[in-house]
Chemist: 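I'd like to ask you about the structure that follows.
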Amino acid sequence: MAFSLTSLQLPSPVLREHTGPLTRRLLREAGGRGLGQVPVAVKPEIVVTSVCGFCSTGCGLSVHLRDSQAVNLSADGAYPVNLGMACPKGWESLAPLAAADRATVPLLRDRTAGTTTPLTWHAAAEHFSRRFKAVQAAHGADSVAFISTGQICSEEMALLGAFAKFGMGVVHGDGNTRQCMATAVTAYKQSFGFDAPPATYADFEESDVIVFIGANPCIAHPIMWQRVMASRREPEVIVIDPRRTETALAATWHVPLQPKSDLALFYGLARILITQGWLDHNYVALHTNGFEDFAEFLEPFTPEATAAATGLPVEEIHRLAAALKPGRRVSFWWTMGVNQGHEATRTAQAIINLALMGGHIGKPGTGANSITGQCNAMGSRLFSNTTNLFCGRDFANPSHRAEVAGLLEIPESAIPDQPSLAYDQIIDGIETGKIRGLWVIATNPAHSWIQQGRMRELLAKLDFLVVQDMYHTTETAQLADLVLPAAGWGEKEGTFVNSERRIGRTRQVSRAPGQALSDFRIFRLLADAWGCGPLLRQWTDPEAVFRLLQRLSAGRPCDITGIAGYDMLDRCGGVQWPWAGTGEPESERRLFSGGKFFHADGRARFIFDAPRPVPEPVDAEFPLVLLTGRGTSAQWHTQTRTGKSEILRRLHPPDLYVEVHPADAARLGLAPHSAALVASRRGSLRARVVVSPGVQPGSVFLPMHYEATNGLTLWAVDPHSRQPSYKHCAVNLSPAT
Ligand code: SF4
């Protein structure tokens with residue numbers, strides 16, 4: 001691909017749209033070289049494509065290299081995902097690599113003295129091995145656990161899963177994907193027989209009706225939103241969300257239901273579809289099970305009862321049901337507003353049920369489609385070997401263990417025969433003394449987990465805490481006994497899997513600072529120190545591991561044996577799973593086109609449960625509902641990386657703010673931009689008041705990127721997926737003195 005000066009000079013339409021005049025001025029001042037990058041005095045010679053390392057959209061970025069070192073980047077115009085667009089985070093991908101607080105050397109902390117001492121890698125690996133082995137010797141193999149991430153490459157997370165589970169004998173390991181995608185995983189497994197998001201992004205452009213539920217792609221997945229905007233079908237865009245988000249403002253129809261009334265709404269819609277006969281009877285009869293029981297269950301969800309539960313007028317509920325009738329191409333897309341709820345799995349399945357009833361699945365412009373969060377959450381779902389054995393297998397299934405042992409040429413006895421505790425159960429295990437040692441990789445639970453105060457207290461109780469991260473300054477790294485310095489995106493090789501199941505390549509385009517190593521090399525080093533070299537002799541480098549993953553996928557729904565190596569990923573602009581064919585596949589493929597699902601009988605299931613009350617209803621003392629979520633397209637999760645970019649920092653308010661409805665603000669005497677105290681039963685914080693009709697009376701909204709937010713949230717999880725509920729707890733609000 002030739003170097004193009006034009007591609008550097010012109011920011012994408014998305015950047016223009018989402019960054020405003022300040023960034024455009026900065027771009028001009030940057031002399032057309034992009035933002036936050038070094039000046040390009042000499043024409044770079046090589047441009048390579050690397051998939052972005054922030055969100056699950058999986059945009060291709062053209063990285064401009066001189067002397068094998070990135071000097072700039074632009075959005076890849078040829079990559080099928082983003083078609084030349086990138087959001088501010090993508091454009092600023094190189095800036096976090098140059099941060100002053102990069103972890104550059106292993107650090108050992110003395111908790112008593114409050115000091116840290118640099119170690120060699122040899123000493124760090126020896127210390128890691130000695131301390132965790134001592135914990136296991138004293139308290140059992142299952143007293144050590146790990147928390148992984150959706151931010152590292154599939155090959156790295158697979159090696160971690162193999163080393164920890166098969167080599168260290170660790171039974172319990174989970175990922176931060178528990179916080180974003182566990183609900184979709186559980187819902188798909190139960191409904192379809194395998195964790196299989198069906199969509200391809202072309203479905204955004206092929207739909208007549210696009211229903212976003214608890215999703216705000218304008219800022220959370222801006223390139224997906226651009227693809228909606230690119231549709232020539234002029235779709236009806238319906239946003240079901242208690243907040244009038246940026247996406248709701250841009251949609252053709254915002255459905256402002258009461259917080260956490262979505263499950264009741266979907267049952268009410270399903271009942272209307274049945275009573276009106278707005279069903280694809282043929283599809284239901286041929287491709288599903290359980291419809292009759294579902295129809296009977298729906299009886300109490302009359303339009304009037306649904307209106308009472310949701311706060312929506314009966315007429316609007318009818319009109320919404322009519323929009324979902326067979327005959328038009330209807331696609332449903334959900335994300336954290338659904339996944340992060342106390343009855344999230346059943347809510348996701350209620351969406352799936354609506355898609356099945358209308359036959360809205362397996363055809364262009366349809367589907368019950370979860371949008372993933374992190375760049376490689378989808379890779380984690382298949383390849384992390386944490387709560388599932390590789391490629392959607394089950395640790396408790398003897399034939400699955402035998403199969404994996406044979407494929408990896410390891411003793412079957414090395415594979416744990418019990419499933420892992422989930423993330424929240426691992427943390428609960430610290431309180432009971434069951435978990436005594438914890439290894440945290442590329443995630444920041446001391447900031448991001450619910451009920452932050454309790455999380456921090458429990459992390460401090462551990463006998464030994466290891467944090468492996470790019471930065472030694474994260475809230476979690478500052479609690480660690482041992483910090484292992486890791487390379488970040490752009491400093492290592494491997495693959496990510498995006499929301500449409502596309503496996504794309506991410507590359508090393510920059511040298512990691514100091515002694516920081518790729519996560520892959522760290523895992524290898526630690527495995528050798530542990531004595532696992534022979535067990536992991538095939539796991540030599542990322543591409544060798546990719547071939548192992550292909551072998552493990554053979555015959556599974558995620559079969560990728562047809563991918564002829566990394567070169568094919570480059571040539572094809574990524575490849576969606578499954579691909580077991582010969583030659584190169586079509587660029588965009590969706591699942592279930594033949595109406596055949598992954599249950600043994602080939603049929604999807606209607607799954608349902610009665611709605612349950614929220615875990616912490618509002619009351620006289622805490623009369624407001626707290627909603628949390630993404631703040632802007634310039635922020636990513638705990639701001640560990642995006643906070644390092646001066647440009648991105650200028651694109652959002654520096655201090656925490658709380659969105660309050662004008663009526664509540666007036667009642668409480670809160671002026672715009674004044675300081676307020678927001679308190680829950682677990683803590684309080686100070687925030688600047690943003691008076692906004694975007695939140696409903698009785699609700700307030702806090703962005704999740706600021707450290708204090710999770711000091712308020714409630715320790716509550718969905719019982720099926722064990723995903724935390726970030727979207728509802730009770731708070732009060734008052735002027736700060
Ligand atoms: Fe694309 Fe997401 Fe990266 Fe933005 S953060 S450039 S939307 S992959």
Side-chain angles (χ1 to χ4, degrees), residues 7 10-19 23 34-37 49-63 70 72-97 149-153 180-181 201 204 212 215-230 246-247 333 335-336 371-379 488-490 494-507 509 573-574 630-645 647-648 651-652 704-705:
S7 67
L10 296 178
S12 78
V14 171
L15 185 62
R16 285 198 299 273
E17 176 162 326
H18 288 279
T19 56
T23 299
L35 297 173
Q37 309 308 325
T49 294
S50 186
V51 173
C52 177
F54 285 103
C55 92
S56 69
T57 307
C59 297
L61 302 174
S62 296
V63 186
N72 215 323
L73 60 75
S74 51
D76 187 340
Y79 203 70
V81 166
N82 50 312
L83 312 171
M85 301 177 284
C87 84
K89 297 186 292 294
W91 283 92
E92 277 295 277
S93 289
L94 295 174
L97 304 181
T149 177
Q151 295 289 154
I152 61 176
C153 302
C180 62
M181 296 318 303
Y201 292 163
F204 285 122
F212 287 111
N216 187 11
C218 265
I219 64 162
H221 297 90
I223 302 308
M224 295 189 198
W225 180 250
Q226 290 298 311
R227 293 195 63 163
V228 173
M229 293 292 95
E246 293 82 350
T247 309
W333 307 81
T335 183
M336 302 318 158
I371 301 175
T372 315
Q374 302 176 78
C375 58
N376 202 24
M378 287 280 284
W489 173 90
T495 57
F496 294 151
V497 187
N498 79 352
S499 273
E500 53 167 0
R501 309 179 319 283
R502 185 178 302 274
I503 302 168
R505 189 172 176 187
T506 183
R507 294 169 179 274
V509 294
R630 196 173 296 285
T632 73
S633 61
Q635 290 170 303
W636 181 246
H637 291 182
T638 66
Q639 300 199 72
T640 305
R641 283 182 291 161
T642 50
K644 305 297 189 300
S645 156
I647 297 300
L648 296 180
L651 296 178
H652 59 79
M704 66 182 183
H705 314 286

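Note that the structure is predicted; figures quoted are calculated from it, not measured. Both counts, for ligands and for their atoms, begin at 1 and track the order of listing.
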Chemist: Which protein heavy atom lies closest to atom 3 (Fe) of ligand 1, and at what distance to 0.1 Å?
Modeler: Cys52 SG, 2.3 Å
Chemist: Enumerate the atoms of ligand 1 whose separation from the nearest heavy atom of Gly58 is less than 4.0 angstrom.
Modeler: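 Contacts of ligand 1 toward Gly58, numbered from 1: 8 (S).
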Chemist: Show your working on side-chain contact (heavy atoms from CB on, under 4.5 Å) between Asn498 and Met378 and close with a plain yes or no.
Modeler: CA-CA 6 Å; Asn498 79 352; Met378 287 280 284; over 6 Å; no
Chemist: Can you find a heavy atom in the side chain of Glu500 that is under 4.5 Å from one in the side chain of Met224?
Modeler: no
Chemist: Mind telling me whether Phe54 and Trp636 have parallel, tilted or perpendicular rings, with 30° and 60° as the class edges?
Modeler: perpendicular
Chemist: When you check the side-chain N and O atoms of Thr247 and Asn216, is any donor under 3.5 Å from an acceptor?
Modeler: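 Their side chains do contain a donor-acceptor pair, which is all the 3.5 Å distance test asks for.
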Chemist: Is His221 close enough to atom 1 (Fe) of ligand 1 that one of its N, O or S atoms comes in under 2.8 Å?
Modeler: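 Looking at His221, which is the residue asked about, there is no N, O or S atom under 2.8 Å from atom 1 (Fe) of ligand 1.
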Chemist: Which atoms of ligand 1 have any heavy atom of Phe54 under 4.0 Å away?
Modeler: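 Within the 4.0 Å cut-off of Phe54, ligand 1 contributes 5 (S).
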Chemist: Could you establish whether Ile223 and ligand 1 come within less than 4.0 Å of each other, counting only heavy atoms on the residue side?
Modeler: yes
Chemist: Could you go through the side-chain contact (heavy atoms from CB on, under 4.5 Å) check for Leu73 and Ser62 one step at a time?
Modeler: CA-CA 5 Å; Leu73 60 75; Ser62 296; over 6 Å; no
Chemist: Identify, by atom number and element, the atoms of ligand 1 in contact range of Gly90, meaning under 4.0 Å from any of its heavy atoms.
Modeler: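 Answer, ordered by atom number: 6 (S).
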Chemist: When you compare the side chain of Met704 with that of Gln639, does any pair of heavy atoms fall below 4.5 Å?
Modeler: no
Chemist: Applying a heavy-atom cut-off of 4.0 Å, say which part of Cys59 lies close to ligand 1: side chain, backbone, both or neither.
Modeler: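 Contact part for Cys59 vs ligand 1: both backbone and side chain.
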Chemist: When you measure from atom 2 (Fe) of ligand 1 to every protein heavy atom, which one gives the shortest distance, and what is it?
Modeler: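 It is Cys55 SG, 2.3 Å.
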Chemist: Can you pull out the closest protein heavy atom to atom 4 (Fe) of ligand 1? Residue, atom name and distance to 0.1 Å, please.
Modeler: Cys87 SG, 2.3 Å
Chemist: Given side-chain contact (heavy atoms from CB on, under 4.5 Å), test Arg502 with Val81 step by step and report yes or no.
Modeler: CA-CA 9 Å; Arg502 185 178 302 274; Val81 166; 3.6 Å; yes
